[in-house]
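Remarks on the structure that follows.
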Amino acid sequence: MRKCLTITILLSTFFGSADVTRHDIENVRNTYGERAAMRVSSWQDLLAQLKGSDDQIILEQVNQFFNQLYFVDDKFLWGESDYWATPLEFLGASAGDCEDFSIAKYFSLRDLGISDQKLRLVYVKSITLNQFHMVVAYYPTPSSVPLLLDNIDGEIKPASQRDDLLPIYSFNGSKLWLLKEQGTGQEVAGQASRLSLWNDLRARNSSTQFKTPLINYDE
């Protein structure tokens, strides 16, 4: 894959701890139903079980957990062209698009102690599907070829084996990088505030009000 410029946003800044309170679960239950509350509880159980585990085990388990949910376009699920759901909204709806899968995975990996410097959310162009897409990239070392966590291809693979994905930009904290050709280096393109959806997500995450999807996948 070609090199791409990156972003740096500590998800703890956006989401806080992944420790969900009983009040949070009750709010999820009231908005989405009992099965949604059970999914949130299962998420918390998974994080508790994975604390202190090897990175590879964490990557595999987190990727598998969220890939059980439905992939649905924002227009059909939320009635908006582009909506970044919080992890609780994603689990509550049991569905979301690629950004929702990636955000929930990234947040979970950060909470489990994986360094932010090892992680990036990467916007790509899926050549096969002819559409934009988002995945999570994990770098074992700064110079390593990253491993990609993807909801379309559930098997975690090195980026070098994903010729179907063309990187556009990536982010993981407070800086934004755009696509650069191999060998031309990387230059900071701007601050994370350029991503207005991140700011919207941060503002909504502390709210006890959740967005209700147009489709109920638990019926």
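A donor-acceptor contact shorter than 3.5 Å links the side chain of Gln44 to the backbone of Val20. Proximity of a side-chain donor or acceptor of Asn30 to a complementary backbone N or O of Glu26 within less than 3.5 Å is detected. Counting only distance, with no hydrogens or angles, the side chain of Asp150 and the backbone of Ile156 share no donor-acceptor pair below 3.5 Å. Asp24 places a side-chain N or O within donor-acceptor distance of the main-chain N or O of Thr21, the cut-off being under 3.5 Å.
Among residues two or more places apart in sequence or in another chain, the side chain to side chain donor-acceptor pair (under 3.5 Å) test is passed with Ser81 by none. The side-chain contact (heavy atoms from CB on, under 4.5 Å) search around Gln117 returns Ser115, not counting sequence neighbours. In terms of the side chain to side chain donor-acceptor pair (under 3.5 Å) criterion, residue partners of Glu34 (sequence neighbours excluded) are, by chain and number, Arg29. Under the salt bridge (charged side-chain N to carboxylate O under 4.0 Å, His left out) criterion, Asp164 pairs with Arg162, sequence neighbours left out. For Gln56, the side chain to side chain donor-acceptor pair (under 3.5 Å) partners at least two apart in sequence or on another chain are Glu60. Considering only residues two or more places apart in sequence or on other chains, Phe71 meets the ring-ring contact (aromatic ring centres under 6.0 Å, His included) condition with none of them. With sequence neighbours excluded, the residues satisfying side-chain contact (heavy atoms from CB on, under 4.5 Å) with Ile114 are Asp55, Ile58, Leu59, Leu109, Lys118, Leu119, Tyr138. Asp74 is linked by a side chain to side chain donor-acceptor pair (under 3.5 Å) to nothing, counting only residues two or more places apart in sequence or in another chain.
Between Trp78 and Ala85, the shortest heavy-atom distance links the atoms CZ2-CB, 4.1 Å. Shown here for Val145 and Ser160, the closest heavy-atom pair between the two residues is CG1-N, 3.7 Å. Residues Tyr139 and Arg120 come closest through the heavy atom pair OH-NH1, 3.4 Å. The two residues Asp82 and Glu99 come nearest to each other via the heavy atoms OD1-OE2, 4.1 Å. Nearest heavy-atom pair, Ala137 versus Pro146, reported as atom, atom and distance to 0.1 Å: CB-CB, 3.9 Å. Looking at every heavy atom in both residues, Val72 comes nearest to Ala95 through CG2-CB, 3.8 Å.
Residue Leu129 belongs to a hydrophobic cluster whose other members are Ile152, with links defined by side-chain heavy atoms closer than 4.5 Å. In the hydrophobic clustering, Met38 connects to no other residue, as no ILVMFWY side-chain heavy atoms lie under 4.5 Å from its own.
Counting heavy atoms from C-beta outward, Tyr70 and Ser94 have side chains that approach closer than 4.5 Å. The side-chain heavy atoms of Phe90 and Ile103, taken from C-beta on, include no pair separated by under 4.5 Å. Lys105 places a side-chain heavy atom less than 4.5 Å from the side chain of Asn67. Side chains of Leu165 and Lys125 form no contact here, defined as non-hydrogen atoms less than 4.5 Å apart. Contact of the Val135 side chain with the Cys98 side chain is not registered, since no non-hydrogen atoms from C-beta on lie closer than 4.5 Å. Here the side chains of Leu148 and Val136 are not in contact, with every heavy-atom distance at 4.5 Å or above.
Rounded to the nearest 0.5 Å, atoms NZ (Lys157) and CG (Leu149) are 13.0 Å apart. To the nearest 0.5 angstrom, Gln131 atom CD is 8.0 Å from His133 atom NE2. The distance from atom CG of Asn151 to atom OG of Ser102, rounded to the nearest 0.5 Å, is 6.5 Å. Annotation: the span from Phe107 atom CZ to Leu112 atom CG amounts to 10.0 Å, rounded to 0.5 Å. Between Leu77 atom CG and Tyr217 atom OH the span is 6.5 Å, to the nearest 0.5 Å.
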Test side-chain contact (heavy atoms from CB on, under 4.5 Å) on Leu91 and Val28; report intermediate values, then the result. CA-CA 9 Å; Leu91 287 166; Val28 169; over 6 Å; no
Could you walk me through whether Tyr83 and Glu89 pass side-chain contact (heavy atoms from CB on, under 4.5 Å), step by step? CA-CA 11 Å; Tyr83 180 78; Glu89 288 176 323; 2.9 Å; yes
Phe65/Ser108 under side-chain contact (heavy atoms from CB on, under 4.5 Å): CA gap, chis, key distance, verdict: CA-CA 11 Å; Phe65 178 81; Ser108 298; over 6 Å; no
Working note: Val122 + Met134, criterion side-chain contact (heavy atoms from CB on, under 4.5 Å); need CA distance, chi angles, decisive distance, verdict. CA-CA 6 Å; Val122 186; Met134 183 184 278; over 6 Å; no
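Every pair tested for salt bridge (Lys or Arg N to Asp or Glu O under 4.0 Å) that includes a residue from residues 126-142 fails, sequence neighbours excluded, so the list is empty. Pairs of residues two or more places apart, or lying in two chains, that qualify as salt bridge (Lys or Arg N to Asp or Glu O under 4.0 Å) and include a residue from residues 210-219 are Arg35-Asp218, Arg39-Asp218, Glu80-Lys211.
No side-chain N or O of Asp111 forms a donor-acceptor pair with one of Tyr106 less than 3.5 Å apart.
The aromatic ring centroids of Phe66 and Phe101 lie 6.0 Å or more from each other.
Note on Ile127 and Ile168: separate hydrophobic clusters, where clusters join Ile, Leu, Val, Met, Phe, Trp and Tyr whose side-chain heavy atoms are under 4.5 Å apart, directly or indirectly.
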